[in-house]
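Down below is the structure, laid out as structure tokens.
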Protein chains: 2
Amino acid sequence: MSTEDRKKREQQRRRTQIISAAETVIERKGFQQATMDEIAEEAELSKGTLYLYFSHKEALYLAINKKGLQKLNDRFLHVMQQDQQGIELVKDLGDSFLSFITSNPNYTKALIYYESVINEEKLEENEPAQECEEIGRQLLMYLTRAIQIGMQDGSITNQMEPKLLAVQIWGSMRGMMQLYQVRSQHHLQKMLQDLEMNMETMIRQFLDVQIKGIQTSN
Amino acid sequence: MSTEDRKKREQQRRRTQIISAAETVIERKGFQQATMDEIAEEAELSKGTLYLYFSHKEALYLAINKKGLQKLNDRFLHVMQQDQQGIELVKDLGDSFLSFITSNPNYTKALIYYESVINEEKLEENEPAQECEEIGRQLLMYLTRAIQIGMQDGSITNQMEPKLLAVQIWGSMRGMMQLYQVRSQHHLQKMLQDLEMNMETMIRQFLDVQIKGIQTSN
DNA sequence: ACTCATTTATGACCTTTGGTTATTTATTAC
DNA sequence: GTAATAAATAACCAAAGGTCATAAATGAGT
């Protein structure tokens, strides 16, 4: 059915239009301050219509987060397609995560928002959250794969369980993300200035420590 | 003035009473779901009274966070009083952080909540947030000191700037915290089960990697 | 013990905002 | 062209954070 297809497409377009409006408002007002009314106005729709496409405000926010996660996923995939030593893959995944953070502050905020939400809710009955979880799983899988490759080619110590190591590195990378995000913190900012450093060099050093921590000692 | 002193004390008691009531409600309902009405009821006070002691709901929440940070601060202080090699101090700080997380889930939640809030607000004009920042600075100072000691006694590589290294380790530890907190995530939980591991061993491995990453190579 | 000034507490009230729904408008199939 | 279905609207509701006029309690001075 051609008409049915077109409908599907138009529905999809409305969805992305709403998401895009939400992103604009969030950029302007911040995550917690953005209201459904303002998003509706920005999207040139009525508020009721928003709820035709997103069951809750949270579902809309999760859709934004999903979009960000997908971008990150693309970067990771690109890295994994290179033919390199495992340790180099890990390093590159770290680098691409860093560059993702710096060039997508809004999606970074979305990720942090997401984290703070999911501990309060049971995600079983939350479809959009499940979708985010799925991409998260995917990202973790890339990292695990890189570690496994490194263990096989001898560039990463095989004393540890690859999956576990992946989770752990992933977790600490997100810690860096958080740090980057709250760089507005005055004392942190000031300290970096005093040291004539910036956040990027710090995160790069973080990656160095991780690499040194997991590479085969010789 | 004795009466004035007593008043001060009673005011303080009211404050802690409200905080304690809030903690109870938060335990019952979760951070985002707890309402000022319910906290007031739990504290056997009217809602208006709550606002006599805390200017905003957020100020109350920050007070809870501060309480948690102080507990953590006590632990860190205790570690730093031991006479040990720098690298051991760092390890012990990590351990005590881990045990703090596992034994204080509510304060951990508070910390995560706090993190998600402060990026949205300018904390200059936010006194309770400033107090939390101050303790955070203190915690970071302990870690910095431990690293400096380690660099002096030769147990930690002196290739890096101690302050910067401290921030970075602190950041990744908080990443672990976040990971621990959302352990409800089904797939993570399941993965750990499959590997016959638990969150504690993972965090312990995380500490091992960090230690290996910063110790003097030989 | 009484009075009055000041502090502390109350609960009715306001406002914002996420979410709902009866109604209207547009679209599609016949 | 018309009936049926889908999409959009705007008025509305309810929950929750926050305020304020009023009342109760407290304390100092006589």
Side-chain angles (χ1 to χ4, degrees), chain A residues 1-19 21-22 25-26 28-64 113 116-117 120-121 125-129, chain B residues 1-19 21-22 25-26 28-64 113 116-117 120-121 125-129:
Chain A
M1 282 285 150
S2 171
T3 63
E4 213 169 287
D5 281 5
R6 187 178 50 95
K7 257 199 176 161
K8 275 269 160 62
R9 270 205 314 280
E10 283 190 353
Q11 253 183 26
Q12 196 53 45
R13 265 199 55 243
R14 269 267 188 281
R15 264 185 74 92
T16 58
Q17 170 195 2
I18 293 170
I19 290 172
V25 175
I26 286 167
R28 196 160 56 223
K29 291 288 179 72
F31 243 84
Q32 327 258 359
Q33 270 62 45
T35 69
M36 289 303 264
D37 287 280
E38 198 173 346
I39 292 169
E41 196 183 354
E42 178 69 36
E44 290 173 323
L45 292 168
S46 78
K47 185 164 64 166
T49 308
L50 262 54
Y51 283 90
L52 251 44
Y53 293 87
F54 298 94
S55 55
H56 305 286
K57 190 188 186 189
E58 196 193 292
L60 171 55
Y61 276 17
L62 286 175
I64 293 172
Y113 169 83
S116 82
V117 165
E120 298 265 329
E121 324 251 331
E125 59 233 31
N126 189 338
E127 204 210 312
Chain B
M1 285 285 147
S2 170
T3 63
E4 214 169 284
D5 280 6
R6 187 178 50 97
K7 257 198 176 163
K8 274 268 161 63
R9 272 205 312 281
E10 282 190 355
Q11 249 182 31
Q12 196 53 46
R13 265 199 55 240
R14 269 269 187 281
R15 262 185 74 93
T16 57
Q17 170 194 3
I18 292 170
I19 290 173
V25 175
I26 285 166
R28 196 161 56 222
K29 289 287 179 69
F31 241 84
Q32 328 258 357
Q33 270 63 47
T35 69
M36 288 303 264
D37 287 281
E38 199 173 346
I39 292 168
E41 197 183 354
E42 178 70 35
E44 290 174 321
L45 292 168
S46 77
K47 185 163 64 166
T49 308
L50 261 56
Y51 283 91
L52 249 46
Y53 292 88
F54 298 95
S55 56
H56 305 285
K57 188 190 187 189
E58 197 193 291
L60 172 54
Y61 276 18
L62 286 176
I64 293 172
Y113 170 83
S116 82
V117 165
E120 298 264 330
E121 324 253 332
E125 61 233 32
N126 189 339
E127 202 210 312

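Letters A, B, ... are given to chains in the order of the sequence lines, protein chains preceding strands, and every chain is numbered from 1.
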**OP:** Could you tell me the separation between the CG atom of Leu50(B) and the P atom of dG11(C), rounded to a whole number of Å?
**Re:** 13 Å
Original post:
For Gln33(B) and dA16(D), is the shortest distance between a side-chain N/O and OP1 or OP2 below 4.0 Å?
Top reply: no
**OP:** Give the nucleotide from the list dT8(C), dA10(D), dG11(C) with an atom nearest to the side chain of Tyr53(B).
**Re:** dT8(C)
Subject >> Pairing residues for Gln11(A) by the side-chain hydrogen bond (donor to acceptor under 3.5 Å, both in side chains) criterion, not counting sequence neighbours >> reply: none
**OP:** Output all residues satisfying salt bridge (charged side-chain N to carboxylate O under 4.0 Å, His left out) with Arg15(B), sequence neighbours left out; order by chain, then residue number.
**Re:** none
Original post:
What is the nucleic acid contact for Gln11(A), judged by heavy atoms within less than 4.0 Å: base, sugar-phosphate only, or nothing?
Top reply: sugar-phosphate
Original post:
Gln17(A) side chain to Ala43(A) main-chain N or O, any donor-acceptor pair under 3.5 Å?
Top reply: yes
Original post:
Could you give the NZ-to-C1' distance, from Lys57(B) to dT19(D), as a whole number of Å?
Top reply: 17 Å
**OP:** Just compare dG18(C), dA16(D), dA7(D) and give me whichever is closest to any side-chain atom of Met36(A).
**Re:** dG18(C)
Subject >> Presence of Arg14(A) side-chain N/O under 4.0 Å of dA8(D) phosphate oxygens OP1/OP2 >> reply: yes
**OP:** Mind checking Ala34(B) for me? I need base, sugar-phosphate or nothing, with any heavy atom below 4.0 Å counting as a touch.
**Re:** sugar-phosphate
Subject >> Side-chain-base donor-acceptor pair under 3.5 Å for Lys47(A) and dG19(C) >> reply: yes
Subject >> Bend angle of the helix from dA1(C)-dT30(D) to dC30(C)-dG1(D), from helix axes over five pairs at each end, nearest 10° >> reply: 0°
Subject >> Interatomic distance, Leu60(B) CG vs dG18(D) P [rounded to whole Å] >> reply: 10 Å
Original post:
Taking atom P of dA11(D) as reference, at what distance in whole Å does atom CG of Asp37(A) sit?
Top reply: 12 Å
Original post:
Do any side-chain nitrogens or oxygens of Tyr51(B) fall under 4.0 Å of OP1 or OP2 in dT10(C)?
Top reply: no
Subject >> Test side chain to side chain contact (heavy atoms under 4.5 Å, CB included) applied to Lys47(B) - qualifying residues, sequence neighbours left out >> reply: Met36(B), Asp37(B), Ala40(B), Tyr51(B)
Original post:
So, is Thr49(A) close to the dT9(D) phosphate, meaning a side-chain N or O under 4.0 Å from OP1 or OP2?
Top reply: yes
Original post:
Can a side chain N or O of His56(A) be found less than 4.0 Å away from OP1 or OP2 on dG18(C)?
Top reply: no
**OP:** With sequence neighbours excluded, tell me which residues meet salt bridge (charged side-chain N to carboxylate O under 4.0 Å, His left out) with Glu44(B).
**Re:** none
Pick out the pairs of N or O atoms, protein on one side and nucleotides 21-25 of chain C on the other, that lie under 3.5 Å.
none

